[in-house]
Amino acid sequence: MLVTGGAGFIGSHIVDRCLERGCETVVVDNLSTGKREHIHPDAAFYHADIRSCELHRIMDGERPDVVVHHAAQIDVQQSIANPLEDAAINISGTINLLKASVSAGAGKFIYASSAAVYGAPAALPIAEDHAKAPASFYGVSKYAPEYYIRTFSSLYGIDCTILRYANVYGVRQDPKGEGGVISIFLDRMLRGLPLRVFGDGTQTRDFIYVGDVAEANVQAMSRGGGRVINIGTSAAVSLNGLIEAFEAVLGKKQEVSYEDARAGDILHSSLDNRLAREHLDWTPKVDLSQGLKLIYDYYAPRYAANKIEEAVRAVNGRQTALAAT
Ligand SMILES: NC(=O)c1ccc[n+]([C@@H]2O[C@H](COP(=O)([O-])OP(=O)(O)OC[C@H]3O[C@@H](n4cnc5c(N)ncnc54)[C@H](O)[C@@H]3O)[C@@H](O)[C@H]2O)c1
């Protein structure tokens, strides 16, 4: 199996899970946002761009049976600032990978699509056949490859499953820049900073734990052929509700600053997961409070250890400065 974006947040969890199941796993990633330390040591790693010619050499050498495509430009605001670059990675990169997959004889292509393809929903939870009206170039660049994948599939016979994710959260999600709201909130809470909410906090999201998303990919390796399938919880949680859930985990109130809503942000979202239950034999296993507790328990001691290290460095620095005077 070959995972593009396997050094990234979601891709690295898929790699871990596949290796746990004894599946040989190859990672292709250009490390633009991914991190080498996220790649499981038992995975073969190629530091390469999905847009490159090198990708074809890698695929021809590895000849993976399944290609799991997660490499992407994922930042909505970046897609609005630089739609050409966003399209080059998400659309042209996917076409290059599809060509390489077909010529390397891959049997199945699994694609990480997004709730962003739907735009503002007419009704919740959103089913797969809901109208598609992306509100950002990111939504467009995640949607266009769905057509390329289906067309490659019908022209060349490669099987495919398109998974449209809700808001994924969990360990390894980068809180810097435009990371997911949960990783950003947790980072600010652990640094004692107020939470920033764009809008009034009544906007809703469907938060799905990364372990459940990894499991959906594993299930899709042998199921869900030719289908587009939402991966979410079917539930909508407001940002204010999320803050309350975090407060319950931390056992204290958080300071919140409300700022202007941003262009391109969807107001409400939750994905109907009926098809995932039916065709992938999948259900989400980790609910929001369990998931928040898992990431809090993982990061809280690490942030505390970092704080101690910083304090020791500051004291050592002061002593060196004093000794020099
Ligand atoms: N995180 C979410 O909530 C969410 C929701 C819906 C869909 N998705 C999709 O899931 C996939 C993974 O997202 P993520 O949150 O793990 O993001 P991420 O940024 O952590 O992972 C993306 C990975 O792709 C790599 N990459 C980027 N451009 C590349 C290129 N040109 N060539 C090779 N590698 C490249 C990055 O280095 C990174 O490791 C993306 O396709 C994203 O659109 C994510």
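In each ligand, atom 1 is the first atom listed, and ligand 1 is the first ligand listed.
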Considering only protein heavy atoms, which is closest to [atom], and at what distance to one decimal place?
| atom | value |
| --- | --- |
| atom 5 (C) of ligand 1 | Ala166 O, 3.3 Å |
| atom 6 (C) of ligand 1 | Tyr165 CB, 3.5 Å |
| atom 27 (C) of ligand 1 | Ser32 OG, 3.2 Å |
| atom 18 (P) of ligand 1 | Thr33 OG1, 3.8 Å |
| atom 44 (C) of ligand 1 | Ile10 CD1, 3.6 Å |
| atom 32 (N) of ligand 1 | Ile50 N, 3.0 Å |
| atom 11 (C) of ligand 1 | His70 O, 3.2 Å |
| atom 37 (O) of ligand 1 | Asp29 OD1, 2.6 Å |

Completion exercise
Heavy atoms of Leu271 and Ile231 approach each other most closely as CD1-O, 4.1 Å

Looking at [X], which atoms of ligand 1 are within less than 4.0 Å of one of its heavy atoms?
| X | answer |
| --- | --- |
| Tyr138 | 7 (C), 8 (N), 42 (C), 43 (O) |
| Ile74 | 13 (O), 15 (O), 17 (O), 19 (O), 40 (C), 42 (C), 43 (O) |
| Ala48 | 32 (N), 33 (C) |
| Gly8 | 20 (O), 21 (O), 38 (C), 39 (O) |
| Ser113 | 6 (C), 7 (C) |
| Leu31 | 37 (O) |
| Gly34 | 36 (C), 37 (O), 38 (C), 39 (O) |
| Lys142 | 40 (C), 41 (O), 42 (C), 43 (O) |

Problem - Best match, Ala116, Ala112, Ser92: closest heavy atom to atom 9 (C) of ligand 1 - result: Ala112

Practice task
Could you name the option among Asn30, Asp75, Val3, Val68 that has the heavy atom nearest to atom 34 (N) of ligand 1?
Solution key: Asn30

Problem - Centroid separation His268 to Tyr118 less than 6.0 Å - result: no

Problem - Quiz item: cation-pi between Arg262 and Phe198, 6.0 Å / 45° - result: yes

Exercise for the section: Measure from NZ or CZ of Arg302 to the centre of the six-membered ring of Tyr298, then state whether that distance is under 6.0 Å and the direction lies within 45° of the axis. Expected result: yes

Handout entry: Sidechain N-carboxylate O distance under 4.0 Å for Lys35, Asp174
Key = yes

Handout entry: Polar contact flag, side-chain donor to acceptor under 3.5 angstrom, Asp206-Ser269
Key = no

